[in-house]
Amino acid sequence: QVQLVESGGGLVQAGGSLRLSCAASGSGFRINVMGWYRQAPGKQRELVARISSSGSGSTNYADSVKGRFTISRDNANNTVYLQMNSLKPEDTAVYYCNAIVLKDLRPYLYWGQGTQVTVSS
């Protein structure tokens, strides 16, 4: 079993910054992709950013966060970060860490418990 533990959420004023962290723990796995999703009240969960754990670490971002958010990784510690700058009230949501891991060559999808990010205007 793989566990994802998130931290770093909170309340911040518009224009401020937050840094989210997500650490994966367990045994016998290799991370393929890690990412961040978010879900605002009454809305569907959406991709924020994701990063590959191989090579140079290719990234994908939602258009709404490009230029403001940066995803990065620490492969040695199975940790992914989301640096969020220039936050807007519309960034308010529960942010979920997500990981696709390989165990015995099979892919498995895991989710964290979520961390609340609230941006006040």
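Nothing fancy with the numbering, it's 1 onward along the sequence. From a predicted model like this one, the values you see are computed outputs, not experimental measurements.
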| said: Can you tell me how far apart CD (Glu6) and OH (Tyr96) are? Round to the nearest 0.5 Å. | reply: 8.5 Å

| task | Give a yes or no on whether Leu82 and Leu4 share a hydrophobic cluster (residues Ile, Leu, Val, Met, Phe, Trp, Tyr; joining criterion: side-chain heavy atoms under 4.5 Å apart). | result | yes

| query | Should Val117 and Leu20 be marked as a side chain to side chain contact (heavy atoms under 4.5 Å, CB included) after you check the CA-CA gap, both sets of side-chain angles, and the distance that decides it? | reply | CA-CA 9 Å; Val117 171; Leu20 305 182; 4.1 Å; yes

| field | Test log, rule side chain to side chain contact (heavy atoms under 4.5 Å, CB included), inputs Asp74 and Tyr81 | value | CA-CA 8 Å; Asp74 177 355; Tyr81 304 96; 4.1 Å; yes

| query | Which distance, rounded to the nearest 0.5 Å, do you find between the SG of Cys22 and the CZ of Arg73? | reply | 15.0 Å

| For Gln83 against Ser17, the heavy-atom pair lying closest together | NE2-CB, 3.9 Å

| query | Is it true that atom CZ of Arg50 has more than 12 heavy atoms of other residues, nucleotides or ligands lying nearer than 6.0 Å? | reply | no

| request: Mind checking the CE-CG spacing from Met34 to Asn98? Nearest 0.5 Å is all I need. | output: 8.0 Å

| request: Give a yes or no answer on whether the side chain of Asn75 reaches the backbone of Ser53 with a donor-acceptor pair at less than 3.5 Å. | output: yes

| request: Determine whether Ile51 and Val101 fall in the same hydrophobic cluster, where Ile, Leu, Val, Met, Phe, Trp and Tyr are linked whenever their side-chain heavy atoms lie under 4.5 Å apart. | output: yes

| request: Find the distance between OG1 (Thr115) and CD (Gln113) and round it off to the nearest 0.5 Å. | output: 7.0 Å

| request: State, to 0.1 Å, how close Pro89 and Ser121 come at their nearest heavy-atom pair, and which atoms those are. | output: CG-CB, 3.8 Å

| Would you say Val12 and Met84 are hydrophobically clustered, going by side-chain heavy atoms of ILVMFWY under 4.5 Å? | yes

| field | Interatomic spacing from CD1 in Ile71 to OH in Tyr61 - rounded to 0.5 Å | value | 6.5 Å

| request: For the pair Lys88 and Asp91, find out whether any cationic side-chain nitrogen is under 4.0 Å from an anionic carboxylate oxygen. | output: no

| field | Short side-chain to backbone donor-acceptor contact, Arg19 and Gly8, under 3.5 Å | value | no

| field | Ile100 CD1 to Ile31 CD1 distance, which is reported to the nearest 0.5 Å | value | 11.0 Å

| Are Leu18 and Val65 linked, directly or through other ILVMFWY residues, by side chains that come within less than 4.5 angstrom of each other? | yes

| note | side chain to side chain donor-acceptor pair (under 3.5 Å) with Tyr95: of Gln116, Gln39, Arg38, only one passes, and it is Arg38

| Are Trp111 and Trp36 connected, step by step, through hydrophobic side chains (Ile, Leu, Val, Met, Phe, Trp, Tyr) whose heavy atoms are closer than 4.5 Å? | no

